[in-house]
Structure formats: C-alpha cells, structure tokens
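All of these numbers come straight from a predicted model, not from anything done at the bench. By convention here, the first residue in the shown sequence is residue 1. Read the numbers this way: they start at 1 and go in the same order the structure lists the ligands and their atoms.
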Amino acid sequence: MEEKIDWYLDFLDLDYKPSKTDIIAHFYVEPAEGISMEEAAGRVASESSVGTWTTLSRLPERINKLMAKVYEINGNVIKVAYPLDLWEPGSIPQLLSGVAGNIFGMKAVKNLRLLDIELPEEYVKDYLGPEYGIDGIRSIFKIHGRPLTATVPKPKIGYDPDEYAEVSYEILSGGIDFIKDDENLGSLKFNKFEDRAVKVFKIREKVEDETGERKGYLINITAPVKEMEKRAKLVADLGGEYVMIDIITVGWAALQYMREFCHDLKLAIYAHRAMHAAFTRNKKHGIRMYVVAKLARLIGVDNIHTGAIYGKLEGPAKDVLEINKFLYSNWYHIKKTFPVASGGLHPGLIPKVLETNGSVDLFIQVGGGVLGHPSGPKAGAKAVRDSISAYLEGISLEEAAKKSKELEEALKKWHYIIPV
Ligand code: CAP
Ligand code: MG
C-alpha cells in the first residue's frame, strides 16, 4: 500500500459538538477545480491550526487535542472549531495569523472569506473592550435621546491650524457636537498636529462657554506608535476625551498597544477604518467587515465606522445593520461601541439613515454635507441638526424646512440624492 501523503481529511469531524471554550470560525469556501468541498475544508482547518501539506513522521502527543475540526458543511459555508489552547490570550495578531493567515492564499481554494469568529468568554476575558462605551460617552458629553454629530472640515487636507480652528468654530457653533479630523490628516508642513490640537481645543472651550453645550474633538493621532503615544499624551494634557486612530493602517498590534496606553490616560478611541475595503469588499474572498468590527470592539474602540447605508461608499444596508446590531448587543464584560454612519451624507439623507438603523445610538458624520452648504459651514451644521430634529419629531423634511432656512437651502442643493 502506498504511504499517505497528506492528512487533511483528519481535520474533518462532522459529528463533533463544539465545546464551550472552542473558538469557532465561519468561512465561505469555494474549492478550486478538481478539489472537493471536504478536501478544501480540511485544508482550511489544517493550515489555520497545526497542519502542513504532508503527514509528519514525528507528532507530539498533544496534537490530537490541538487540531481544528470542520464540524459543519452547509453549501459553501463551513464552521471550524478551534481548541482554546491554540490561542495566546489577548493577542489579536496571533489569532489572525491562524484563522485569517496562510489559508487565503491556498491554491486549493478559489475563494475564501472569513464570515464570523465566535469567541468564548474564556477568550474574551483577557480584553479590555471600550473604555466608556455608548452609555459612558453619552454621559461625558451629556447628549441623550438623539444621535451624536460630527463633521470633518473639508477639504480633508489644505487648511492651516488657524483656518482649521476658524472653520471648527463655525461648525461647532452651528450645532455639531464633534470636529473630526480626516483619516489622512496627520502632522503636515502647513498643519502641525500640536498646533492644530492646541487651537481646536481652545475653540471647543470657547464654543462650550458660549453655548453651554459640551463639544468634542476627534483628533487623528495615526502615526508610527511612538508618535501616537506623544500625540495621545498631548490630547490628554489639553483636556481631550478622545483620540481617533486609523485602525487598519496602523495595524492590530499598534491598536492593542494604544488601547492600553489610552486606558492609562482615560481616553476614548474613535476608530476610522480606512483601507478595510481592500479585504472586506469582495463578497467571496477576504474578511467580512463584521469580523473587523467585532475584533475592534473586543480590543476596545468606543466608535467605529460601519457604513452610511445611503452614502457614497460601498456597504449594503443588511451588512451595516448586522454590524450595528452586534455593536449594540451585550457581550460579557465588553461595553457597547458606537457605530458611525459616514460618507456622502447630507441633511436630506439623515432621516432615512436613522429610520433604517432603528436606533439613535449612532454617530452621524457629515463632512461635505456641512462644508458644502451654500451659506457656509455654520448654516450647514444647523441644517444637519434641524434634519435630525425633524426625524425625532416625526415631521417631514419639507415641513421642517418651512421653519429652517438652512435646511431649505440644503434640500435645494442636494435634494435626497445618494452620492456615487
Ligand atoms: C466622509 C469621510 C470618511 C468616510 C469613510 C471621507 O466624508 O470623512 O472618511 O466616511 O468611509 O473622507 O469620505 P464626507 P466609511 O462626509 O464628506 O463624505 O465611513 O465607510 O469607513
Ligand atoms: Mg474621511
């Protein structure tokens, strides 16, 4: 008899009942030509846990207890159970190097997509989760019963700190709660981080004094890690409550590090997801945004962009709603994360977004839709707030526009268009 070359099928056990401490991954699998579903599934479980392409002449005894098992195949969707001992406590990079590592490049799969990871309490317990969560953020900023609003001063790059602060003053005075930096606004020749920070925090104090409302600044500290530390410290020294981090471009290890660092400084984290679509967009291959949001909440971001539903960027309503539902759900000791609806929004679309979302526990970010208002940013900010109020009072935007010149002008420019 010929010697067996590989042991992929040993990673299949369709009778297996997952234990309470297993980590379970759901994958969409399209086998390559000539490969059966069982063979492809076995390879996914093998390569993501303890296996290699061939049988081994020496195996430690504990290997049987460490092997992942495909325990369900349902059409193209499989479920794989991983024993807890495969995983280092509290390390997202190690988790992803397994369940989202080499397997995406295997020749035996034409397409492979990580749809979900179920994490047992025993694994979740080693993560902090968000510092404040939805309730904590609401009580810090004393905003209840309505969505929170943010505006990115557009153009995304171009202002110097004085101009940026000037525009921020108008936006905040017009009724927007937060100024938010854009994802690619770092520390630039004509707009240094430190300068901008000092000036915008001064402006927020001024507006708070004038309006009696709490205001915030979601300042982008994204940079190499040492620089992020410096920037976070400065934000804390200036009395800030939040830092914004581009969580995908800085990487998971950097995010985990900054989460601990921000915990010491009592800072909340606002997660921007720039670059996620490079691996979340293809419906057959890559990683679902749902998984990204789950891991980000686990590490501990207080906010994360999940899609505007009726905005300029790709993201089906069904997917956005599923993610938001998870962010609102109870999850052991982990606090709830605010979803952020952003990208191409303007006053004409806000009621639709809120109605579809079904919850006002949402940050609504409107950049171009405020800065593009014909009468300027302050009017743009007011139009956003008037649109939200109309929704909350149950009146149509046309009706509300009769009492709001700002809303009327916004509707005249943008109507109800969904930008492409
Ligand atoms: C929105 C935004 C955000 C996107 C990111 C932008 O600005 O600031 O980066 O929303 O996408 O630059 O496009 P506008 P997502 O309000 O002017 O569109 O939220 O899907 O991650
Ligand atoms: Mg942006």
A.B. asks: Enumerate the residue pairs fulfilling side chain to side chain donor-acceptor pair (under 3.5 Å) with a member in residues 359-370, sequence neighbours excluded, ordered by first and then second residue.
C.D. replies: Arg138-Asp361, Ser342-Gln365
A.B. asks: Would you call the rings of Phe178 and Phe363 parallel, tilted or perpendicular, where under 30° means parallel and over 60° means perpendicular?
C.D. replies: tilted
A.B. asks: To check you understand the geometry: which heavy-atom pair defines the closest contact between Asp22 and Tyr16, and what is its length?
C.D. replies: OD2-OH, 2.7 Å
A.B. asks: Looking at every heavy atom in both Ala223 and Arg231, which two are closest together, and how far apart are they?
C.D. replies: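 Closest heavy-atom pair between Ala223 and Arg231: CB-NH1, 3.6 Å.
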A.B. asks: Show the nearest heavy-atom pair for residues Lys266 and Tyr132, with the distance to one decimal.
C.D. replies: O-OH, 2.6 Å
A.B. asks: Can you confirm whether more than 12 heavy atoms, excluding those of Lys69, are under 6.0 Å from its NZ atom?
C.D. replies: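 For Lys69, atom NZ is crowded (more than 12 foreign heavy atoms under 6.0 Å).
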A.B. asks: Do Arg214 and Glu241 meet the salt-bridge criterion of a basic N to acidic O distance under 4.0 Å?
C.D. replies: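 A salt bridge is present here (some side-chain N lies under 4.0 Å from a carboxylate O).
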A.B. asks: Which protein N, O or S atoms sit under 2.8 Å from the Mg ion (ligand 2)?
C.D. replies: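 Protein N/O/S atoms under 2.8 Å of the Mg ion (ligand 2): Asp182 OD1, Glu183 OE1.
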A.B. asks: List by chain and number: which residues place a heavy atom under 4.0 Å from ligand 1?
C.D. replies: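 Lining ligand 1: Val152, Lys154, Lys156, Asp182, Glu183, His272, Arg273, His305, Lys312, Leu313, Ser342, Gly343, Gly344, Gln365, Val366, Gly367, Gly368.
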A.B. asks: Quick one: side chains of residues 72-98, donor-acceptor pairs under 3.5 Å with protein atoms, not counting sequence neighbours, listed by atom name and distance.
C.D. replies:
unit_1, atom_1, unit_2, atom_2, d
Asn76, ND2, Val29, O, 2.6
Tyr82, OH, Ser48, OG, 2.7
Ser91, OG, Gln94, N, 3.1
Gln94, OE1, Glu88, N, 2.8
Gln94, NE2, Leu86, O, 3.0
Ser97, OG, Pro93, O, 2.9

A.B. asks: Give me the ring orientation class for Tyr257 and Phe261: parallel if the planes are under 30° apart, tilted from 30 to 60°, perpendicular past 60°.
C.D. replies: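 Parallel.
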